[in-house]
Amino acid sequence: MVTIQARDASPRGQSKRFTAAGPDRSPRRPLPWLILAWLILVVPSLHAQITATLDRDTVPAGHGALLSVEVSGKNATKPELPHVKDLIVQTRGTSHAMQMGMGGISQSTTYSYVIGSQTPGGYQIPPITATINGKKFSSQPLHLKVLEADQQPDPEPEPEPEDGCFGFLTVELAANDRNHVYVGEIAPVRIRAWLPPGSKARLNSAIQPEGEAFTLHNLTDRPTQSTEIRDGKRYRVVTWFGGISATKAGQHPASLSIDATVAIPDTNARNRPRDRTGSPFDDPFFDRFFDNTPMIEKQLTLKSEDKQIEVRPLPTKDRPADFHGAVGEFQLSDIEIPATWKTGEPQQIHARISGSGNFSLVDAPSLVPAENWKSYTPKYTFTPEDQASFAGHKDFTFSAVPLKGGSQTATLSFSFFDPDNAEYRTLTSQQNPITATGPDIVENDQSGEPAPPAPEPATNPANQLVAQHDSHGNRGNLVPLVSRPAFPRLLTLATILLLAGPAAAVVRRHRTNPERLARLTARREAENARQAADRCAAANDLPGFITHARLAIQHRLAPDWDQAARAITTSEVLSREPEQSPVPRFFRSADYYEYRSSHETGIPQELRHHFNAAINHLDAR
Amino acid sequence: MIRILATLSLLLSLVSAATTLGDANRAFADGNFQAAAESYESLIAEHGPDSSLYYNLGNARQKLGQTGPAVLAYERALLLSPRDPDLIANLALARKQAAIFEHPAIHPRIHTVTRKLSRNEWSWLLTGSALVLGLLSLAHGTLPVRKPWMRPATIATTAVALLFATLSTTALYLRRDDGNRAVVIAPDASIRLSPFDTAESLGTPKPGSIVLLGEQNGGYRFVSATGSTLAGWIAGNQIEAIEASPR
């Protein structure tokens, strides 16, 4: 169960603490951690079970009874319903519930079915099985009697609905020796809505305090559900945790209310034909899908008792200048102040304030002596240690600038009001010696005015809307790019670019290939030489023709032989080219006519023939 | 002269009739939430979607107790300013006061990460990353590496672009249903078994609840409530899609 426990929060006095999440999480006390771990690990497995219930054991033929199969435990499979001849089973839905009990959390799933038959008779439903955490569990067998269609089952004596049978609300404050609270003090509360079993509820509002004297803070978003017995009656209990605080002094009623629509089974309508319309209560957290049970529905305000609480103002006597409204029991720890500073240059300071109280008004500790420092707005993270965010720690990080140079001490100071001892307390860290280099800095905004009076706690900060925006914000399109036709086009463009890269690389590699470039150059040189040979032939210049014709063929051979064109000799051609090739024939003819050039008056036809044959042969290669 | 005076008076009347954000905020501050809401709506119609206008409209609707339209306005503001803390706080408060609980379909931490950016921002990130990868590929294919720092810079840029592309693709995939999200705006909305007024009611979603839109049949849309098994047909005028339809 949820615990209400008292503990020593400080050596100076007793502090009462209401923890909704179970045992204290203080690292100095390992035993509660072990108990919590045991509860988390062991309790759920202890709760593994399957139960099957029928809302009636006799129905007329053609009508149905509601079969609820509740499977409790982790990693549970859907129950397997055994086949029974002539028995018709229709699935109606499932509902999930989480329960806090013994400090642990258990979960259960209820599967609802409507079962009936067109054939009168007695039907034995064998045990229903489900696998929970790897083990197989079975429910007890059930028996359903189906009467003739025109025969009605014996009516059971049912009590008439009473006033208040739709439920009520209770608010439990933390165990407290005091019969008064202070303005701004947060008292952890457990709020419970007690609803009749089998009822369905829909919340139409958030839980609100009656009147303006109290506000509700940090109400848990997801309430827990459980089944409990009170005054001999069984109830479905929906539980929230939160903190309640007073905003003005005086004697005020501390009650809460919530608007809800509650429907309870119409016990007097059991003999009527079943209403097959669906439930209007669709909230999966609260519904149990009693879809075919006639219900009485009522809109009402569940309200807790009016309990008068004396709210005392915070005393003005001895109020520290750095008090900012923190009320509770706090400790100051984990202080990190750099040892070396330079005047005018900010550095970061870390500190942690832990304990229990109204953390929303816990401000960063201030640097002492204040005239030596300028501090900036702190950043903080709050880590709650219970569901109501009553206990926890707040880690502050803020920048500070030293205004005076030289060796000095820096101390952090934090003031709060201790409600149990009705006095202000100031926590001071140990004196940290620091050295600040640089000249003193005079702040223009130091007017020497006394510190402003401590503000009263803010009124209902948790339930206020954040203020309107005064300037225009981000403008854009309510259709995101992903839903616009441009999106696939842009991605297609990106894909084309992505593919174009490798294609371009292939083209670039081909175009800059040195072998290819050398071959192109050689071909060009060979063509030039051939044209020169043609010109020499036209001029009947035999030596010139032989020189350029040989050079043309040398340029054509050079890339293949991987050597300079002019370095290719006749003997090399004769040795490397086949005997029947026209290339060596040309070279032999060229040598022959070169020696006889003084006797020849034109270009011998044989030489031109060999040259053309050699060129054609190389072009074809 | 008469014509000039008439033109001036017309211009003057237009200027005086034009509502500004300041006017709407003053109406809100004076407690005239209905007038403020209408002013914000006319400003949105005039200037186009603006996160602050939707945010302020949500506040005005919330003050009027119209949870459905308030949540719709906040959700639309979130499309434009997904990290606005004021907006996130007020939307959470509206849901809390109406006892509406969100049911993320994925792990809460992943849900938080994917909500850091709007779908529009994720899609721009994906497009930008893909284009950067494409341009890098093209540059690699066409330009020679001339400086020694170019290769590590290219590798680093490619790695970052790939990371962003992977992240944004994953986020867009996980939020693929967001385009079908709609808010129940009517206080008496009912999800029915069939797309007819006389069909059996399966459930009554609260105003401000989120549903996922399915096919359309006449004036009805098939919807499924997030976080529950409730699914059926709802009248088209009882819901409104959060994202606008692409033209």
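Convention: sequence-line order gives letters A, B, ...; per-chain numbering from 1.
- Heavy atoms of A:L491 lying under 4.5 Å from chain B belong exclusively to its side chain.
- Ranked by heavy-atom pairs under 4.5 Å with chain B, the list A:A467, A:P502, A:A500 is led by A:A467.
- When B:T127, B:L126, B:L43 are compared by the number of non-hydrogen pairs under 4.5 Å with chain A, B:T127 comes out ahead.
- Interface remark: of the candidates B:L79, B:L87, B:N120, B:N120 forms the most heavy-atom pairs closer than 4.5 Å to chain A.
- Both the backbone and the side chain of B:A130 come within contact range of chain A, each with at least one heavy atom under 4.5 Å from a heavy atom of that chain.
- Side chain of A:N474 to backbone of B:L80: a donor-acceptor contact under 3.5 angstrom is found.
- Ranked by heavy-atom pairs shorter than 4.5 Å toward chain A, the options B:S81, B:G179, B:G22 are led by B:S81.
- Other residues, nucleotides and ligands contribute at most 12 non-hydrogen atoms within 6.0 Å of the CZ atom of B:R151.
- Considering every non-hydrogen atom in both B:L131 and A:L497, the closest pair reads CD2-CD1, 4.3 Å.
- Nearest heavy atoms, B:S52 versus A:G473: OG-N, 3.1 Å.
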| said: Applying side chain to side chain contact (heavy atoms under 4.5 Å, CB included) to A:H469 and B:S51, what does each step give before you reach the verdict? | reply: CA-CA 9 Å; A:H469 287 177; B:S51 61; 5.9 Å; no
Side chains of residues 62-73 of chain B: which donor-acceptor partners sit under 3.5 Å, not counting sequence neighbours?
from  : atom 1 : to    : atom 2 : distance (Å)
B:Q62 : NE2    : B:Q97 : OE1    : 3.1
B:Q66 : OE1    : B:R61 : NH1    : 2.8

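- Contact of B:N56 with chain A is made through backbone and side chain together, with heavy-atom distances under 4.5 Å.
- Counted within 6.0 Å of CH2 on A:W194, heavy atoms from surrounding residues, nucleotides or ligands total more than 12; the atom is thus considered enclosed.
- The aromatic rings of A:H472 and B:H47 stand perpendicular to each other, their planes meeting at an angle above 60°, with 30° marking the opposite boundary.
- Contact of B:L21 with chain A is made through the side chain alone, with heavy-atom distances under 4.5 Å.
- Neither the backbone nor the side chain of A:A503 comes within contact range of chain B; no heavy atom of the residue lies under 4.5 Å from a heavy atom of that chain.
- When heavy atoms are compared at a cutoff of 4.5 Å, A:S471 approaches chain B solely by way of its backbone atoms N, CA, C and O.
- Top candidate by heavy-atom pairs under 4.5 Å with chain A, chosen from B:E243, B:R192, B:R76, B:R95, is B:E243.
- Of all the listed residues (B:F28, B:Y55, B:W122, B:W124), the one sharing the greatest number of non-hydrogen pairs under 4.5 Å with chain A is B:Y55.
- Proximity to chain B is limited to the backbone of A:N477, based on heavy atoms less than 4.5 angstrom apart.
- For B:D178, no part lies under 4.5 angstrom from a heavy atom of chain A.
- Counting only distance, with no hydrogens or angles, the side chain of B:N59 and the backbone of A:V466 share a donor-acceptor pair below 3.5 Å.
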I'd like a table of donor-acceptor pairs (distance under 3.5 Å, sequence neighbours excluded) in which one partner is a side-chain atom from residues 132-145 of chain B, with atom names and distances.
from   : atom 1 : to     : atom 2 : distance (Å)
B:S137 : OG     : A:L498 : O      : 2.8
B:T142 : OG1    : B:L138 : O      : 2.7

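- Between B:S123 and A:L481 the shortest heavy-atom distance is OG-CB, 3.4 Å.
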